[in-house]
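FYI, side chains are in, hydrogens and waters are out, and symmetry mates aren't considered; it's all heavy atoms of this structure. Protein chains get the first letters and strands the later ones, always in sequence-line order, with residue 1 at the start of each.
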Amino acid sequence: MKLASWNVNSLTVRLSQVLRWLENERPDLLALQETKLEDARFPAAEFAAAGYHAVYSGQKTYNGVALLARTPPQQVLRELPGLEDPQRRFLAADIDGLRVVNLYVVNGQSVDSDKYAYKLRWLAAVRAFLETELARHLQLVVLGDFNIAPDDRDVHDPEVWRDQILCSAPERAALQGLLDLGLEDSFRALHDESGQYSWWDYRQGGFRRDLGLRIDLILSSRALHARLRAAAIDRIPRTWERPSDHTPVLLELA
DNA sequence: ATGGTAGAACATCTA
């Protein structure tokens, strides 16, 4: 079983790229973030024609998440329990015997911003939700744009990024809090090396100079550990014309 | 210290 996550930074702009990538990779599941469109405008028919069921939770201009799967998602949840939040960042569903949670974690802007406090509050609600979810579902996958680089191996210049947004100690502690529930970063379960990034800033030639961060993650529950086969980051879509600033990350389960 | 680019409500916000 092949799972993937991709922050597309506007599905309207990136639809043809997503369809092309699905055709090439044929994942069983693709989680999208930053679709930036209302549900009434979601291109469900195009994905159906490509052989994918879609569930989605979107809004105009910002945020928006979706799950595309070859089998129909069931038990769909569109609201993060315990948090009043108009921002569409959360989607959970049963897919192929897995409980799947797609997250577009709050960016936070900077550590002295109100948005940073919102990020930490949001992550606390995610932790509380996942704690109850893990009690119900042994086979759980949490994937998406976490907007947190787990450790310095995931940062092109750790000194420049030290204590900055996406790398600060409280953010990393919040991510560790999720892992402590009984989840693991599947990429790190299979790879030790630094320099494997999933996001590069559009500005100042970030991709050309490989000034990236690994902030797109696929977490898997302990019960899935023996099924982990391969984890990868596909940099190719970041080389395409008019790319998203993120590239897809993948996990293969036996 | 600022701004650099991209996408969206096309004016500023968010990232």
Side-chain angles (χ1 to χ4, degrees), chain A residues 5-21 31-43 46 56-66 80 83-91 102-123 126 143-150 154-168 170-172 174-175 197-217 233 235-249:
Chain A
S5 177
W6 191 4
N7 177 324
V8 292
N9 187 19
S10 169
L11 185 55
T12 304
V13 172
R14 238 64 69 186
L15 177 59
S16 62
Q17 295 186 23
V18 175
L19 290 169
R20 175 180 172 186
W21 193 81
L32 301 177
Q33 303 86 34
E34 283 205 273
T35 54
K36 297 187 176 179
L37 43 79
E38 293 173 292
D39 290 348
R41 293 185 52 227
F42 192 88
E46 284 86 344
Y56 36 90
S57 178
Q59 66 185 93
K60 200 183 282 190
T61 310
Y62 299 121
N63 310 310
V65 286
L80 175 55
L83 193 76
E84 187 76 33
D85 188 8
Q87 301 193 13
R88 304 289 82 189
R89 300 177 170 278
F90 173 90
L91 191 55
N102 179 13
L103 302 180
Y104 173 45
V105 174
V106 177
N107 174 288
Q109 202 160 69
S110 66
V111 295
D112 56 4
S113 162
D114 290 347
K115 297 186 185 73
Y116 183 76
Y118 166 49
K119 181 176 197 171
L120 296 179
R121 270 203 318 280
W122 198 87
L123 286 164
V126 167
L143 75 176
D145 176 0
F146 283 72
N147 270 318
I148 301 170
D154 304 310
V155 181
H156 67 89
D157 189 337
E159 290 315 312
V160 163
W161 281 87
R162 179 124 4 249
D163 300 326
Q164 301 297 306
I165 196 68
L166 314 183
C167 296
S168 72
E171 291 168 82
R172 286 176 167 174
L175 175 60
Y197 309 130
S198 66
W199 169 82
W200 300 260
D201 201 304
Y202 284 125
R203 295 168 286 192
Q204 299 180 313
F207 183 66
R208 178 176 53 76
R209 299 158 67 201
D210 200 22
L211 307 179
L213 301 179
R214 190 175 68 90
I215 57 178
D216 298 273
L217 310 176
I233 302 175
R235 296 166 62 105
I236 301 299
R238 192 63 175 78
T239 70
W240 291 346
E241 187 104 12
R242 208 177 176 195
S244 169
D245 46 350
H246 297 250
T247 211
V249 298

Review point. What integer distance in Å separates A/L15:CG from B/dA8:P?
Key: 12 Å
Point to revise | Toward the 5' end of DNA chain B, by each residue's nearest nucleotide, A/G108 or A/S10 | key: A/S10
Review point. How far does the P atom of B/dA6 sit from the matching atom of B/dT2, given to the nearest Å?
Key: 23 Å
Revision key, fill the gap. Separation of B/dT14 atom C1' from A/I215 atom CD1, nearest Å, is 14 Å
Practice item. Using the six-membered ring wherever Trp is involved, compare the ring planes of A/H246 and A/W199 and label them parallel, tilted or perpendicular (cut-offs 30° and 60°). Key: tilted
**Study point:** Sugar-phosphate only, base, or nothing, as touched by A/R209 at under 4.0 Å among non-hydrogen atoms
**Key:** nothing
Practice item. Working to the nearest 0.5 Å, report the span between CH2 of A/W6 and OG of A/S198. Key: 13.0 Å
Review point. What interatomic distance, in whole Å, is found between P of B/dG3 and the corresponding atom of B/dT12?
Key: 16 Å
Practice item. For A/E34 and B/dT14, give me the distance from atom CD to atom C1', rounded to whole Å. Key: 8 Å
What pairs of nitrogen or oxygen atoms, one from the protein and one from nucleotides 4-6 of chain B, lie under 3.5 Å apart?
{"residue": "B/dG4", "atom": "O6", "partner": "A/R203", "partner atom": "NH1", "Å": "3.1"}

Check your understanding: Between A/E159 and A/R162, is there a side-chain N and carboxylate O pair less than 4.0 Å apart?
Key -> yes
**Study point:** Rounded distance (Å) that lies between atom P of B/dT14 and atom CH2 of A/W122
**Key:** 17 Å
Practice item. Would you kindly check if the NZ (Lys) or CZ (Arg) of A/R209 is within the cone defined by 45 degrees around the ring axis of A/W200 and under 6.0 Å from the six-membered ring centre? Key: no
Check your understanding: Take atom CG in A/D114; do more than 12 heavy atoms of anything else shown fall under 6.0 Å from it?
Key -> no
Check your understanding: What's the CD-P distance between A/Q33 and B/dA8, to the nearest Å?
Key -> 17 Å
Practice item. Let me know the distance between CH2 of A/W199 and C1' of B/dT14, rounded to the nearest Å. Key: 13 Å
Point to revise | Interatomic distance at P, B/dA1 relative to B/dA11, whole Å | key: 32 Å
Practice item. Please report, rounded to the nearest Å, how far the P atom of B/dA15 is from the CG atom of A/N7. Key: 11 Å
Exercise for review: Ignoring backbone atoms, establish whether A/K60 has a side-chain N or O less than 4.0 Å from OP1 or OP2 of B/dA8.
Suggested key: no
Point to revise | Nearest-angstrom distance from the residue atom CG of A/N147 to C1' of B/dA15 | key: 8 Å
Exercise for review: Quick one: label A/Y104 by what it contacts on the DNA or RNA (base, sugar-phosphate, nothing), any heavy atom closer than 4.0 Å.
Suggested key: sugar-phosphate
Review point. Of the options A/T12, A/L11, A/N9, A/V13, which is the one that meets A/K36 in a side chain to side chain contact (heavy atoms under 4.5 Å, CB included)?
Key: A/N9
Point to revise | Nearest-0.5 Å distance, CD1 of residue A/I236 to CD of residue A/Q17 | key: 12.5 Å
